[in-house]
Amino acid sequence: MSRFGEVDDQYDPHELERRVFEYWDEVDAYEQTVEHRSDGESFFFVDGPPYTSGAAHMGTTWNKSLKDVYLRFFRMQGYDVTDRPGYDMHGLPIETRVEERLGFENKKDIEEYGEENFIEACKDYAEEQLEGLQEDFQDFGVWMDWEDPYKTVSPEYMEAAWWGFSKAAERGLVEKGHRSISQCPRCETAIANNEVEYEDVEDPSIYVKFDLADRAGKIVIWTTTPWTIPANTFVAVDEEGDYVGVRAEKDGEEELLYVAEAKHESVLREGRYDDYEIVEELTGEELLGWSYEHPLAEEVPDHVDAEGAFEVYAAEYVDTHGDGTGLVHSAPGHGEEDFERGRELGFPIFCPVGGDGVYTEDAGKYAGQFVKDADDEIIADLDDNGALLASGTVDHSYGHCWRCDTGIIQIVTDQWFITITDVKDELLENIEDSEWHPEWARDNRFQDFVEEAPDWNVSRQRYWGTPLPVWTPEDRDDGAATAASPEHADGRADEEMIVIGTREELAERVDQDIDPETVDLHKGTVDELTITEDGTTYSRVPDVFDVWLDASVASWGTLNYPEDDSRFDELWPADFILEAHDQTRGWFWSQLGMGTAALGDIPYEEVLMHGHALMPDGRAMSKSKDILIDPHEAIDRHGRDVMRMFLLSNNPQGDDMRFSWDGMQTMENHLRTLWNVFRFPLPYMRLDGFDPQEVTLEDVDGDLELIDEWVLARLQSTKAEMTAAFEDRRQDKALDALIEFVVDDVSRFYVQAVRERMWEEDDSASKEAAYATIYRVLRETVALLAPYAPFISEEIYGTLTGDEEHPTVHMCDWPEIDAYWEDEQLEADVAHLRAIEEAGANARQQAGRKLRWPVPRVVVAADDERVVEAVERHTDLLADRLNAREIELVSPDERWGELQYSAEADMSELGPAFGDRAGQVMNALNEARIDDPSLGALEEAVSDVLEDDESITDEMVSFVTQTPDGVAGTAFGLNGDDRGVAYVDASLTDDIESEGYAREVIRRVQEMRKELDLDVEERIALDLEIDDDRVADLVSEREALIREEVRADELRTVEDGHRKEWDVEDVSMEIAIEPLAAAEASE
RNA sequence: GGGCCAAUAGCUCAAUUAGGUUGAGCGCCACUCUGAUAAGGUGGAGGCUCUCGGUUCAAAUCCGAGUUGGCCCA
């Protein structure tokens, strides 16, 4: 780009972004930036891989924008940043999508289609989705290594998963277990607890009476899963709970029922008993050992038959005040807690249900039925058997498969586990080694989650995943999970298993001949491989890994470790990761678990945890319900920089972000302001041939004016504030600081103040100083903005620097604070002056005097010395900004005449002094009006509310001036504290009217010049006719001023020019102008 | 059902680690200004600080119990 070249009049994000994309491509901006930092200190960032189903939504967009802003920031700070993006491409979600595409209903369809074909289809689908995501991310302006993303389906990445798992196995943390798990009966696989999604559904709610075997009466249980009754093995009670025996009467018949004392009324109400009477009070302990009869003993002849079954036992999971009856039907073949307790009690694990949710032959009468379909029949049978006390329905939340939305069932199957509960202490210690933003996410939420976490079931009975690298002896049944295999009830690891860690090891040990360089590790290939050692042949366990395991190894998978071990030692663990809060149960957790199990360490040092993107009305976005804001629409409406700025202006620490079109518009306005600030000095610099390399700020130091020094001081404190905010991981606060600087300080104040210097036609030191100042300000501002809005920053940078600096702004260093230009006092001074100016403008408006008209004087009544200092040091600047002929200062210990006073109360003083009457005293003080600002006068004015011995002290009040007639006054303050009052004396003199009218004329001529679209330098002839003779005289006194300002070389009658009638303060004027250039050119 | 977080102007958020008369930006309305300006300036409307209790002379702030939303867990 050529320096100070012509730029668009209007900020046009789409055209600009298109140009910048082209430019980046042309100069290999990304590659050059990476190369530029290749000698820097390493910074290891790991990308949490998005799942490759569906397009980028606003949440993903926010996430990637956050990553981009921090990676760019770290780069600008000099780090050599690892920025390899990743994609999570295996797993059930993709399988279900592909099943939908192919019209499959269940696993049988897949088997018929062919496992290998299905895996191929899944791979194609994932790659297809990846392309879409990748295009989106690039389109958002995110700079990562798009040429070489890590993919969880690549051989080297799958090897990283194998390696991690094998390290965990070496540490004895891998075992095959016979456990109660959540099973999706449609997908026919176990799913992890964190894949279970809870939804409100209507289920049966039944109360069942179990006949006691060796005594009179019945115990009553409650369940919402009638289909688990066939597997009932025992009933649990709370040992310390209170229970009652109730003699209940219905239709003339009496029954003796045992339930928790706290629940007896509600249970009897459910059973619609006519009357009842408590006949016995017992503790849970007294119920222990009571035996009962299985209510479906005949229907399920193969039911549990073991010593001690069908008796009452104590269990911790019983609550005598919760739902139900205080007696809990327990089936170790189903529920997780039942299973644990059943195993403690040494019961066989009876689970008459297969992985597809269909009852097996063990279920007797119900064999072959899907369990949920059997509920009605079971309820009817219980009723027939006289065991049903009540039957209804209940609305409650029940677990569903996260992908296909099928209700899950709890069954006991064989699964492979990483027994992270064995290293729970280590996990909790490792958490301490990580720094989280926000802190509470680690100390409360994550720690709680880890403390509660059960062993990690890593096996899935599916196809599209990383195969378990486990081989077991062929003659044993270690295959896909089968229900009910009581012989494995101890659930310990198989001593004879072989766990393979790398492809090389695989090639060495398998019987078949394979090439480790080219072997694909998916099921299609590895299922065929066997290992024969010491006369035993081992075959592979057919399961694949839980997809969370894939992502859990990203910290070394990103480095292609173990295949490539060149960087692992130097880089691992990750310096920084950044994801949304749902990842506490996901990636934050799986990485901690895997890192600890495999290497004994947490794989990341710093976590930035952001929230979710919500709809403008606060609802969660949901693609399936079509409740969403599409990032592409946001870009279409406002452009990429604006969308990024909006997203990045939100707090990234834990809080959710509400999308807002207003917020987007605001950001566009800010960028437009920046654009205007940027393009304002360009024509002047171009005209004067300003060369920032020749004329640096340091060269013009002696010619800098106060306002220049001030804006430079503000630039230093803005950099300090931004750097601190970035280091605190609050890029939103950093952006706020930058916007305030650009919009408030540079655009509204500095540029307003220097424009006249830039208009000067002759060369001047002051103009050069202003050029150098604004150049430095803009040059550093675009560097500060670059991580947020990389496109507009690039264009501005290119226009400012031409070929003199880096090819791209993103190679710049993060601007450092230059102590030389720091000036806190000046910043504070100007803050005071701006407050006074603002008050003065207000007072002017009250007095009906426009800024264009000078006023004879402005009186500043200062409340404190700091204001006095500021005004004394910068009187001229203040007079200029307020267009006042004179500034008069009234110091704090003086009074300006003709003023009245009131008092403002300070509640922090009144409170302790007056107690509960403080409010009353405050009101009296606020309403008081006195001529003399003394405590005595004030006390007199509020004497009604004061008691005899009470007085008002200095600390309690501050006096406030009341505006006298003829002068308008407005209080000014800083940070909410009053610092004084600015009074504008708006009286008129001939001289003032002369200048006022002259300025009115100038402004109208300027507007007419603009209407003709004249160049700034264009000379004109001016024709001015004013009806009012007095005003005409006043204006003619300022003829020279007018001619200079509007560049009127000639004052004469204009025949054919641009002519207009104006009404100025009720005086009508006729103005005509004509450019002289045309005439000159023709001569 | 449990845990964590949030709740302040129409919207987004502040309110100085530890109570003291609730503020800003955006949006809206009116007026005004304009040779960088789809800008700017001034004013206005808009708040039982989610509810109910408690502590205190005094609570947006501290404590307790709820309500709503988000996430997590069961």
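Order of the sequence lines fixes the chain letters, A, B, ..., with proteins taken first and strands second; residue numbering starts at 1 for each chain.
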Six-ring centre of Phe749(A), Arg834(A) cation under 6.0 angstrom, axis tolerance 45°: yes
Donor/acceptor link under 3.5 angstrom from Gln752(A) side chain onto base of rU37(B):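 Answer is yes: a donor-acceptor pair is held.
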Check: Arg445(A) side chain, rC5(B) base, donor-acceptor under 3.5 Å: no
Can you tell me which nucleotide in [options] comes closest to the side chain of [X]?
X: Ser660(A); options: rC26(B), rC11(B), rC5(B); result: rC11(B)
X: His612(A); options: rC71(B), rC72(B), rG27(B); result: rC71(B)
X: Arg658(A); options: rC26(B), rC11(B), rA6(B); result: rC11(B)
X: Phe449(A); options: rC72(B), rC5(B), rG40(B); result: rC72(B)

Between [atom2] of [N] and [atom1] of [X], the distance in whole Å:
X: Asp744(A); N: rA24(B); atom1: CG; atom2: P; result: 13 Å
X: Asn650(A); N: rC5(B); atom1: CG; atom2: P; result: 20 Å
X: Asp443(A); N: rC5(B); atom1: CG; atom2: C1'; result: 14 Å
X: Arg442(A); N: rC71(B); atom1: CZ; atom2: P; result: 25 Å
X: Asp736(A); N: rA15(B); atom1: CG; atom2: P; result: 12 Å
X: Gln447(A); N: rC4(B); atom1: CD; atom2: P; result: 13 Å

Watson-Crick or G-U counterpart of rU12(B), or none if no pair lies under 3.5 Å: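 For rU12(B), the partner nucleotide comes out as rA24(B), under the 3.5 Å rule.
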Proximity of Phe646(A) and Phe659(A) rings by center, below 6.0 Å: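 Yes: the rings meet the under 6.0 Å criterion.
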Shortest non-hydrogen contact between Arg644(A) and Tyr788(A), atoms and distance: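 Looks like NE-O, 2.9 Å.
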Validation row: Met667(A), Asp641(A) side chains within 4.5 angstrom (heavy atoms): no
